[in-house]
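Naming convention: chains lettered A, B, ... in sequence-line order (proteins, then strands); numbering from 1 in each chain.
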Number of protein chains: 2
Amino acid sequence: MVQRQTRQKDAIREALRENDEFISAQDLHRWLEEHGTHIGLATVYRQLNALADAGLADTIRLDGQQLFRLCGDDGHHHHLVCVRCGRTVEIEPPSESWLRGIADAHGFTVESHTLEVFGLCPDCR
Amino acid sequence: MVQRQTRQKDAIREALRENDEFISAQDLHRWLEEHGTHIGLATVYRQLNALADAGLADTIRLDGQQLFRLCGDDGHHHHLVCVRCGRTVEIEPPSESWLRGIADAHGFTVESHTLEVFGLCPDCR
DNA sequence: CACATATTGATAATCATTTTCAATAAGAGT
DNA sequence: ACTCTTATTGAAAATGATTATCAATATGTG
């Protein structure tokens, strides 16, 4: 027995499915509360981290807190984030070979990378 | 009168000059302490943020804390960061036109962006 | 030198996130 | 359905980084 199914896990994944944009653990917890689903804050953090670790959720860091969003299982993505409303669009990643080339030039290995572009979306500009 | 020169500001800038790699406010505070210079932690945070706001220091976020490093005044840089020892190398940024092209395609403006590559440096791999 | 005020620093306050640990519940085996 | 092991939960406390407070200090201008 390695992994158990619980109403909390289901509720959290479902809540993420209904929230297209990146959302913080605190906000997701509040959202669940407002929708009549009480789940401990610690559990929300735990599941969100678990999803991120499993590669099922993407995370970005904005304004001192970590935001989460479900994503396909084809690795992580890069984003264009509206600094006013939080709207997010996935963008083309820089080519892996470009990254590797740069790292190789300095003798580094590549473990991970981040790329986020911040600006104003069409509605907010 | 808008800006005053103080021994604290000088000490912090000098300390940054002697630390090539990214360093956290806490660590810089400790470093100063170990070098016989006592400066309030709050002041270290204040100056570090002031330098970053002024564009004189680059910052990255690693492992839940913000790291600072002096940089030239020609805008911000991108980095290759060793996840073990913290060693950092500046890398070529993605071309501005590439960024703008992506943003334009979605109707976004570009206000800022981040790119960090994490891996192991030659000594740690 | 005097004065207005930028700056400092010790401490308290915030805030997000993690840990703790006893209580609960999933699910495998019977 | 019943038991038993243990994954999971949740409330509360702990942590850790960063920021706000505010009286005391120090800067530089007149």
- Query: Under 4.0 Å between a Lys/Arg side-chain N and an Asp/Glu carboxylate O for A:E33 and A:R30?
  - Reply: no

- Rounded distance (Å) that lies between atom C1' of D:dT15 and atom CG of B:D63: 14 Å

- Nearest-angstrom distance from the residue atom CG of B:D53 to P of D:dT18: 14 Å

- Note on the structure: To the nearest angstrom, the CG-C1' distance between A:L48 and D:dG10 comes to 16 Å

- Where protein sits on nucleotides 8-18 of chain C, one letter per nucleotide: B base, S sugar-phosphate only, - none, heavy atoms under 4.0 Å: BBB-----SBB

- Task: Mind telling me whether B:F108 and B:H106 have parallel, tilted or perpendicular rings, with 30° and 60° as the class edges?
- Result: perpendicular

- Message: What is the separation between atom CD on B:Q3 and atom P on C:dA6, rounded to the nearest whole Å?
- Response: 11 Å

- Sidechain N-carboxylate O distance under 4.0 Å for B:R7, B:D10: no

- Side chain proximity check, B:T109 to B:E111, heavy atoms < 4.5 angstrom: yes

- Message: Tell me whether the count of non-hydrogen atoms from other residues, nucleotides or ligands lying under 6.0 Å of CD in A:Q65 goes above 12.
- Response: yes

- Nearest whole angstrom, please: distance from the P of C:dA6 to the CZ of B:R4. 6 Å

- Query: What class does the angle between the rings of B:H29 and B:H38 fall in, given that below 30° is parallel, 30 to 60° is tilted and above 60° is perpendicular?
  - Reply: perpendicular

- Item | Euclidean distance, atom CD of residue A:Q5 to atom C1' of C:dT24 [Å, nearest integer] | 17 Å

